[in-house]
Amino acid sequence: MYYVNQEQIQHRLDAIPQIAQSLTKAAESWDGSVVLGMVQERALHLAIEVVTDVGSYLIDGFIMRDASSYEDIMEINHEEKVFDDEIFDVLLKLVSLRKPLVQEYYSWNRSELHPLTPVLPDILNKFAVQVREYIQQELVL
């Protein structure tokens, strides 16, 4: 029997609407300002944390193979059919931003709209739907 920490997964998925709203607002209002640059930067960082946290909970709960990196978390979940190819492709690009955002933040270009910013709101919402569907499907008795 699996122990999937659905409560913690749900807490993280519940953060997606605000992250998506921030990304949408940043993309629609983009003016290259420091304020919108910081909004974008934080929203991208939170998006990374959500998808990697959820992915890790799924790996642990469903006893999937161990992940060796953030990219590997996404690959394992994709291999296990948690989410489709479209989501996987975008999330792989997203998690590759973690090091620049978290460790090399001093050189992050805050004046440019990142190409993932306008795409991510829809992808994050689809991710949440597909994760919930996967959990429901896998935990059917």
Side-chain angles (χ1 to χ4, degrees), residues 1-140:
M1 189 66 183
Y2 298 119
Y3 172 70
V4 180
N5 195 334
Q6 294 180 67
E7 181 181 352
Q8 288 302 315
I9 291 171
Q10 192 58 48
H11 285 314
R12 282 147 180 86
L13 294 178
D14 287 345
I16 287 177
Q18 288 183 332
I19 296 167
Q21 181 183 14
S22 298
L23 290 164
T24 298
K25 188 73 167 173
E28 291 174 351
S29 306
W30 192 257
D31 61 6
S33 69
V34 172
V35 171
L36 283 179
M38 296 291 258
V39 168
Q40 171 183 241
E41 187 174 349
R42 181 62 175 156
L44 288 169
H45 178 207
L46 288 175
I48 293 165
E49 296 306 314
V50 165
V51 301
T52 56
D53 284 354
V54 169
S56 292
Y57 278 115
L58 293 172
I59 288 169
D60 291 345
F62 289 110
I63 314 169
M64 300 173 188
R65 72 174 171 85
D66 289 337
S68 61
S69 66
Y70 291 104
E71 290 82 1
D72 204 23
I73 293 169
M74 297 300 100
E75 289 170 8
I76 292 166
N77 280 271
H78 180 248
E79 288 167 6
E80 295 291 333
K81 308 221 181 306
V82 174
F83 43 76
D84 64 29
D85 294 344
E86 175 193 22
I87 293 170
F88 173 66
D89 291 341
V90 174
L91 295 186
L92 207 53
K93 293 174 189 165
L94 174 66
V95 298
S96 73
L97 297 178
R98 190 171 193 286
K99 184 175 181 181
L101 285 168
V102 175
Q103 295 176 2
E104 298 164 356
Y105 55 86
Y106 50 84
S107 62
W108 181 264
N109 188 349
R110 291 179 186 94
S111 64
E112 289 184 13
L113 182 66
H114 193 278
L116 288 179
T117 298
V119 173
L120 267 175
D122 183 51
I123 293 296
L124 291 172
N125 288 320
K126 288 178 180 178
F127 170 79
V129 167
Q130 291 183 23
V131 164
R132 288 181 179 114
E133 288 173 353
Y134 179 82
I135 291 170
Q136 184 176 29
Q137 169 190 322
E138 292 299 312
L139 293 182
V140 171

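Counting from 1, the numbers follow the sequence of the chain as shown. These numbers were taken from a predicted model, which means no experiment stands behind them.
- Distance check, rounded to the nearest 0.5 Å: OG of S29 to CD of Q40 gives 12.0 Å.
- Contact detail for T52 and I73: the closest heavy-atom pair is O-CG2, 4.0 Å.
- A20 and P121 get closest at one heavy-atom pair: O-CG, 3.6 Å.
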Run the numbers on Q18 and L46 for side chain to side chain contact (heavy atoms under 4.5 Å, CB included), then give the verdict.
CA-CA 10 Å; Q18 288 183 332; L46 288 175; over 6 Å; no
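- We find the CG-CD1 distance between L101 and I48 to be 5.0 Å, quoted to the nearest 0.5 Å.
- Taking CG of L116 as the start and CG of L124 as the end, the distance is 10.0 Å to the nearest 0.5 Å.
- Heavy atoms from other residues, nucleotides or ligands lying under 6.0 Å from CD of Q10 number more than 12.
- Pairs of residues two or more places apart, or lying in two chains, that qualify as salt bridge (charged side-chain N to carboxylate O under 4.0 Å, His left out) and include a residue from residues 108-119 are E41-R110.
- Listed by first and then second residue, the ring pair (Phe, Tyr, Trp, His ring centres under 6.0 Å) pairs involving residues 6-58 amount to none (not counting sequence neighbours).
- Using a 4.0 Å cut-off between a side-chain N of Lys or Arg and a carboxylate O of Asp or Glu, D89 and K93 do not qualify as a salt bridge.
- Rounding to the nearest 0.5 Å gives a distance of 10.5 Å between CG of L13 and CG of N125.
- The pair K126-D84 fails the salt-bridge criterion, with no side-chain N (NZ, NE, NH1 or NH2) lying under 4.0 Å from an Asp/Glu carboxylate O.
- Between the CG atom in L94 and the CD1 atom in I87 there is a gap of 12.5 Å [rounded to 0.5 Å].
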Go through it in stages, so that I can follow the logic: the residues are R12 and Q8, the test is side chain to side chain donor-acceptor pair (under 3.5 Å), and I'd like the CA-CA distance, side-chain angles, deciding distance and then a yes or no.
CA-CA 6 Å; R12 282 147 180 86; Q8 288 302 315; 2.6 Å; yes
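- Open room surrounds CG on D66; 12 or fewer heavy atoms of other groups in view lie less than 6.0 Å from it.
- When side chains are defined from C-beta on, K25 does not count as touching V39, because their heavy atoms never get closer than 4.5 Å.
- Across every non-hydrogen atom of T117 and L23, the tightest pair is CG2-O, 3.5 Å.
- Side-chain contact between E75 and L92 is present, with heavy atoms from C-beta onward closer than 4.5 Å.
- Contact of the F62 side chain with the L139 side chain is registered, since non-hydrogen atoms from C-beta on lie closer than 4.5 Å.
- The 12-atom threshold is not exceeded at CD of Q136, counting heavy atoms of other residues, nucleotides or ligands nearer than 6.0 Å.
- A67 and I59 get closest at one heavy-atom pair: CB-CD1, 4.1 Å.
- Under the 4.5 Å side-chain criterion, counting only non-hydrogen atoms from C-beta, F83 is in contact with L91.
- For the atom pair CD (E138) and CG (L58), the distance works out to 10.0 Å, reported to the nearest 0.5 Å.
- Nearest heavy-atom pair, F127 versus V54, reported as atom, atom and distance to 0.1 Å: CZ-CG1, 3.8 Å.
- Scanning all heavy atoms of the two residues, the minimum distance from I16 to A128 falls at CD1-CB, 3.9 Å.
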For the pair Q130 and V82, evaluate side chain to side chain contact (heavy atoms under 4.5 Å, CB included) and give the outcome as yes or no after the intermediate values.
CA-CA 7 Å; Q130 291 183 23; V82 174; 5.9 Å; no
